[in-house]
Amino acid sequence: MHLYRSHTCGELSSKNVGEEVKLSGWIDRKRDHGGLLFIDLRDQYGIIQIVIDSDSDFFHSCEAARLESVVTIIGKVFLRDKELINIKIPSGDIEVKIDKFILESPSDILPMPVSGNHDLGEELRLKNRFLDMRRTIVKNNMLLRSRIISSIRKRMIEQGFYEFQTPILTASSPEGARDFLVPSRLNLGKFYALPQAPQQFKQLIMASGFDKYFQIAPCFRDEDARADRSPGEFYQLDMEMAFVTQEDVFETIEPVLYGLFKEFSNWKINTPPFPKIKYKDSILKYGTDKPDLRNPLEISDVTKAFLLEGVTFKVFRDQINKGAVVRAITAPSAANKPRSFFDKLNSWAQEQGQPGLGYIILSDNEAKGPIAKFMSSNAIEKIKVNSLAKDGDAVFFICNSESEASSFAGKSRMRIAQEMDLIEQEVFKFCWIVDFPMYELDESGNSIIFSHNPFSMPQGGMEVLESKDPLEILAWQYDIVCNGIELSSGAIRNHRTDIMEKAFNIAGYSSNDLRTRFGALYNAFKYGAPPHGGIAPGIDRIVMLLANEPNIREVIMFPMNQQAQDLLMNAPSNIDENQLKELSLKINKAKDKK
RNA sequence: GGGGGUGUAGCUCAGUUUGGUUAGAGCGCUGGCCUGUCACGCCAGAGGCCGCGGGUUCAAGUCCCGUCACUCCCGCCA
């Protein structure tokens with residue numbers, strides 16, 4: 001017999017009745033009856049009940065073994081009597097009567113419970129992640145993650161993609177997020193950077209003549225965390241293809257995502273092709289570039305209605321004259337909602353720093369509510385036409401500068417839908433956001449900067465760069481969004497050095513800047529670069545959606561906390577003086593923290 | 001960098017609004033009882049810098065000021 005086990009705890013069933021088995025695992029729970037002791041023995045695969053009678057030689061050592069101790073037992077599998085069957089566990093119709101017991105590794109008193117489904121503080125869980133991951137929910141998330149990644153690999157390889165590894169120690173890139181830096185011992189005073197994404201490498205792979213590349217790629221960004229943003233590091237399904245249009249990228253990645261979500265979830269999924277929403281339309285209709293399409297509400301512009309003759313609502317009119325817009329959200333069949341419904345939303349808006357949330361109620365073919373009396377009948381008609389509101393609905397208004405109004409209308413759209421319980425449940429709704437602007441004005445409003453990825457190909461190429469107002473130029477740039485979560489950005493890249501130079505010139509970079517900052521790409525593209533494009537969906541976010549977890553750290557084995565500290569390994573940590581010396585480094589402003 | 005929430009036993013939390021006996025409960029832990037439990041049950045016990053510092057008060061877990069930690073959000077994430 002094997003030293004540790006003949007079977008796993010999870011594989012035993014009534015088929016094994018009568019067999020002598022050897023099992024190893026953790027003591028999940030004990031029920032001590034004095035003369036009779038039950039142990040729930042657990043391994044990755046399942047739980048099985050072990051029975052020890054008081055006349056057994058091992059009764060006292062079993063009784064003394066603490067929860068979560070690792071033990072090996074030998075025993076015989078018995079069918080339980082009918083009235084003793086536990087339907088809650090798969091092996092509930094059998095049990096193992098113990099013949100031999102070995103305590104392999106005793107457990108101290110636990111800092112946190114393992115068995116059962118408890119809500120525990122995250123700090124405690126991360127400090128004891130090895131205990132945390134013994135718990136069913138966390139364990140299942142990690143197994144799910146592994147299966148998802150296998151499936152992704154399989155699906156990509158089936159489509160003819162090759163997986164390549166790119167460097168972890170690379171050069172700092174001047175754009176984008178903050179880099180993590182690594183000092184070089186052999187090149188004193190110089191630093192590597194960890195890649196924020198293999199962006200330039202994958203484009204170099206294209207320039208190297210490989211046709212379809214992918215990688216489950218680690219990415220490092222020194223930015224602040226969020227619930228859906230892992231601190232420090234995360235993984236992308238990074239992919240790039242040569243000789244493709246935007247449509248080709250969509251057609252390639254859609255079946256991968258659709259198939260993956262189909263494989264790992266019972267929820268409904270909208271079938272490819274996923275709807276394509278222009279960036280501009282998304283901002284108007286959903287108030288965001290990552291719309292949650294489970295929400296049926298849409299935003300419309302009703303600015304003109306408030307300028308019609310007979311409208312005496314000065315508050316809005318004055319703002320409109322200063323350049324503000326009015327956005328409307330129709331709440332279907334909300335006319336019969338109690339006053340408290342509207343008051344609640346209004347005070348919510350005020351909590352959000354807004355003056356309030358104005359509304360009219362369309363009922364009995366007239367408009368009611370606090371601002372209705374300022375409206376003329378043709379203004380009400382115009383609002384109804386623009387916002388597709390009908391009798392029995394209510395319409396909410398947001399008046400502000402265009403960007404403020406869009407953003408708050410987006411929040412209100414979600415809030416109203418939540419209040420009215422309109423969000424569709426148990427469904428994944430994918431969409432593409434397309435036609436992102438190539439450039440935008442910086443905060444000061446004086447200079448033109450790249451809106452997203454500087455390597456994207458402008459729609460229309462060189463001709464457009466030379467002739468159009470830069471702020472009007474669109475890029476072959478796209479996002480894929482699912483349930484309001486941005487899974488990825490992607491683009492058809494700019495593979496032409498002449499267009500690249502022009503594009504960078506517009507954003508205020510000299511040709512020389514381009515060559516020094518992005519020398520590798522620029523140089524490579526001088527010698528024949530294929531048109532290419534790709535995308536890089538976030539793996540952690542995909543797993544988070546499929547695991548139905550609200551927090552990305554629930555699907556990462558050893559995540560750092562919000563302050564980007566690893567509580568288990570105690571990273572980041574102080575460094576030995578000798579190590580610093582070897583790197584010729586000196587800490588300037590040592591913060592006096594432990 | 002800014003805003004919100006939380007911080008009381010090893011764990012999860014009540015007590016804080018309205019200051020007033022010895023700060024409680026469940027789980028876990030220790031000891032005892034229990035031969036069919038499966039969140040076993042029963043009895044007893046140990047376990048507290050009420051995050052930390054200062055203040056107000058006859059009296060502070062409770063009120064005030066500061067500070068720290070965790071978390072959510074904004075900024076940031078080409």
Side-chain angles (χ1 to χ4, degrees), chain A residues 28-42 47-56 59 63-64 66-68 78 80-89 91-93 95 97 107-128 131-132 173-179 196-197 199-200 219-234 351-353 407 411 436 438-440 442-443 449-456 475 477 486 489 491 503-504 507 509 517-518 538 550-551 553 561-565 567 593-594:
Chain A
D28 191 70
R29 196 158 240 145
K30 282 191 300 182
R31 289 171 296 281
D32 190 349
H33 290 240
L36 183 71
L37 173 64
F38 299 99
I39 288 177
D40 290 338
L41 190 67
R42 184 195 74 237
I47 285 190
I48 179 107
Q49 175 165 281
I50 314 294
V51 192
I52 307 102
D53 206 277
S54 58
D55 49 23
S56 161
F59 187 81
E63 229 179 1
R66 279 210 197 90
L67 297 184
E68 294 306 311
F78 284 84
R80 296 200 203 178
D81 288 345
K82 241 187 212 152
E83 62 274 19
L84 299 179
I85 289 173
N86 180 5
I87 51 164
K88 287 182 200 160
I89 57 172
S91 67
D93 56 340
E95 61 193 11
K97 291 195 175 155
S107 172
D108 272 357
I109 295 167
L110 296 165
M112 56 179 270
V114 170
S115 180
N117 182 14
H118 300 90
D119 274 331
L120 302 171
E122 197 168 21
E123 194 176 4
L124 180 80
R125 292 177 54 199
L126 294 183
K127 255 183 196 151
N128 300 282
L131 291 177
D132 194 37
S173 79
E175 298 285 322
R178 295 182 192 92
D179 284 317
Q196 296 176 21
Q199 181 65 36
Q200 295 191 62
C219 304
F220 305 90
R221 294 178 193 175
D222 188 5
E223 295 293 350
D224 288 1
R226 289 286 184 280
D228 65 349
R229 203 198 293 163
S230 164
E233 53 185 84
F234 61 99
E351 278 165 28
Q352 301 290 309
S407 145
K411 282 186 198 165
F436 277 82
M438 185 82 192
Y439 300 102
E440 63 189 31
D442 75 347
E443 277 169 22
I449 56 172
F450 284 114
S451 184
H452 292 85
N453 186 328
F455 302 114
S456 300
Q477 163 114 26
E486 182 194 317
S489 280
F504 273 75
Y509 298 94
R517 288 166 183 243
F518 303 105
N551 190 304
R553 295 186 294 273
N561 70 5
Q562 199 177 36
Q563 277 67 244
Q565 298 159 339
L567 300 177
K593 280 183 179 176
K594 51 167 177 161

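Residue numbering restarts at 1 for every chain, and letters A, B, ... go by the order of the sequence lines. Below, all heavy atoms of this structure are taken into account, side chains as well, without hydrogens, waters or symmetry copies. Small disclaimer: the values here were computed from a predicted structure and weren't measured.
Look at A/Q563 and you'll find a side-chain N or O under 4.0 angstrom from OP1 or OP2 of B/rU71. Contact annotation: A/R66 reaches the phosphate of B/rU30 (side-chain N/O to OP1 or OP2, under 4.0 Å). Distances shorter than 4.0 Å separate none of the side-chain N or O atoms of A/R553 from OP1 or OP2 on B/rC70. One finds no side-chain N or O of A/K127 lying less than 4.0 angstrom from the OP1 or OP2 phosphate oxygen of B/rC70. Between A/N551 and the phosphate of B/rC72, there is a side-chain N or O to OP1/OP2 separation shorter than 4.0 Å. Close to B/rU37, at under 4.0 Å from its OP1 or OP2, lies no side-chain N or O of A/R31. Applying the 4.0 Å criterion to OP1 and OP2 of B/rC40, one finds that A/R29 has a side-chain N or O inside that range.
Following rounding to the nearest Å, A/N117 (CG) and B/rC27 (P) show an atom-to-atom distance of 17 Å. Distance, A/L37 CG to B/rC33 P: 15 Å, rounded to whole Å. Atom CG of A/D119 is separated from atom P of B/rG5 by 21 Å (rounded to the nearest Å). Look at CD1 on A/I39: it is 13 Å from P on B/rC40, rounded to the nearest Å. The interatomic distance linking A/K97 (NZ) with B/rU35 (C1') rounds to 11 Å, in whole Å. Residue A/I48 contributes atom CD1, which lies 15 Å from atom C1' of B/rU37 at whole-angstrom precision. In this structure, CG of A/L120 is placed 16 Å from P of B/rC27, rounded to the nearest angstrom. Nucleotide B/rC40 holds its P atom 12 Å from the CG atom of A/D32, rounded to whole Å.
A/R229 and A/E486 are not joined by a salt bridge, as no carboxylate oxygen comes within less than 4.0 angstrom of a charged side-chain nitrogen. Ion pairing of A/D132 with A/R125 is present here, as a side-chain N (NZ or NE/NH1/NH2) and a carboxylate O approach within less than 4.0 Å.
Across every strand in view, B/rC70 sits in a pair with B/rG5 that passes the Watson-Crick or G-U test at under 3.5 angstrom. The partner of B/rC13, taking Watson-Crick or G-U wobble pairs whose two distances both stay under 3.5 Å, is B/rG24. Across all strands shown, B/rG48 remains unpaired; no Watson-Crick or G-U wobble contact has both distances below 3.5 Å. Base pairing annotation: B/rC77 forms no Watson-Crick or G-U wobble pair, as no partner gives both donor-acceptor distances under 3.5 Å.
Only the P atoms considered, B/rU30 is 15 Å distant from B/rG10, to the nearest whole Å. Taking atom C1' on both B/rG28 and B/rC65, the two are 38 Å apart, rounded to the nearest angstrom. Here, B/rG19 and B/rC13 have their P atoms 27 Å apart, quoted to the whole Å. Nucleotides B/rU16 and B/rC77 have their P atoms positioned 45 Å apart, rounded to a whole Å. With C1' as the reference atom, B/rG5 and B/rU57 are 29 Å apart, rounded to whole Å. Taking atom C1' in both B/rU18 and B/rA60, the straight-line distance is 14 Å, to the nearest Å. Annotation: B/rC68 and B/rG53 have their P atoms spaced 15 Å apart (nearest Å). Rounded to whole Å, the separation between the P atoms of B/rA44 and B/rG24 comes to 16 Å.
The residue from A/K30, A/H33, A/R29 that alone fulfils the side-chain contact (heavy atoms from CB on, under 4.5 Å) condition with A/F38 is A/H33.
Among the heavy atoms of the strands, none lies under 4.0 Å from A/G92. As judged by a 4.0 angstrom heavy-atom cut-off over every strand, A/E95 is placed among the base-contacting residues. Within the nucleic acid shown, A/P113 comes within 4.0 Å of sugar-phosphate atoms alone, with no base atom in reach, counting heavy atoms only. Heavy atoms of A/L124 sit under 4.0 angstrom from primed sugar atoms or phosphate atoms, though from no base atom.
In terms of position on RNA chain B, the residue among A/R80 and A/E122 whose nearest nucleotide sits closer to the 5' end is A/R80. Nearest-nucleotide positions on RNA chain B for A/A64 and A/D55 put A/A64 closer to the 5' end.
The aromatic rings of A/F455 and A/F504 sit tilted relative to each other, their planes meeting at an angle between 30° and 60°.
Nearest to the side-chain atoms of A/R226 among the listed nucleotides B/rU37, B/rA39, B/rG75 stands B/rG75. When distances are taken from the side chain of A/E123 to each of B/rC38, B/rA69, B/rC76, the shortest belongs to B/rA69. For A/Q562, the listed nucleotide lying nearest its side chain is B/rC72; candidates were B/rC40, B/rC38, B/rC72. Picking from B/rU35, B/rC11, B/rG36 the nucleotide with the shortest atom distance to the side chain of A/F38 gives B/rG36. Checking B/rC38, B/rC77, B/rC11 against the side-chain heavy atoms of A/L84 singles out B/rC38 as nearest. In this structure, of B/rU71, B/rA39, B/rC77, it is B/rU71 that holds the atom nearest to the side chain of A/N561.
Between A/D40 and A/I48 there is no side-chain heavy-atom pair separated by less than 4.5 Å.
Of the N and O atoms on the side chains of A/R31 and A/Q49, at least one donor lies less than 3.5 Å from an acceptor on the other residue. A/Q477 and A/S456 share a side-chain donor-acceptor pair at under 3.5 Å.
A/F234 contributes atom CZ, which lies 11.5 Å from atom CG of A/D228 (distance to the nearest 0.5 angstrom).
For A/D224 and B/rG75, a side-chain-to-base donor-acceptor distance below 3.5 Å is present, hydrogens and geometry of angles not being considered.
By the 5.5 angstrom centroid cut-off and the 30-degree plane limit, A/H118 is classified as not stacked against the base of B/rC27.
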Apply the test side-chain contact (heavy atoms from CB on, under 4.5 Å) to residues A/N453 and A/Q199: give CA-CA distance (whole Å), side-chain angles for both, the deciding distance (0.1 Å), then the verdict.
CA-CA 10 Å; A/N453 186 328; A/Q199 181 65 36; 4.0 Å; yes
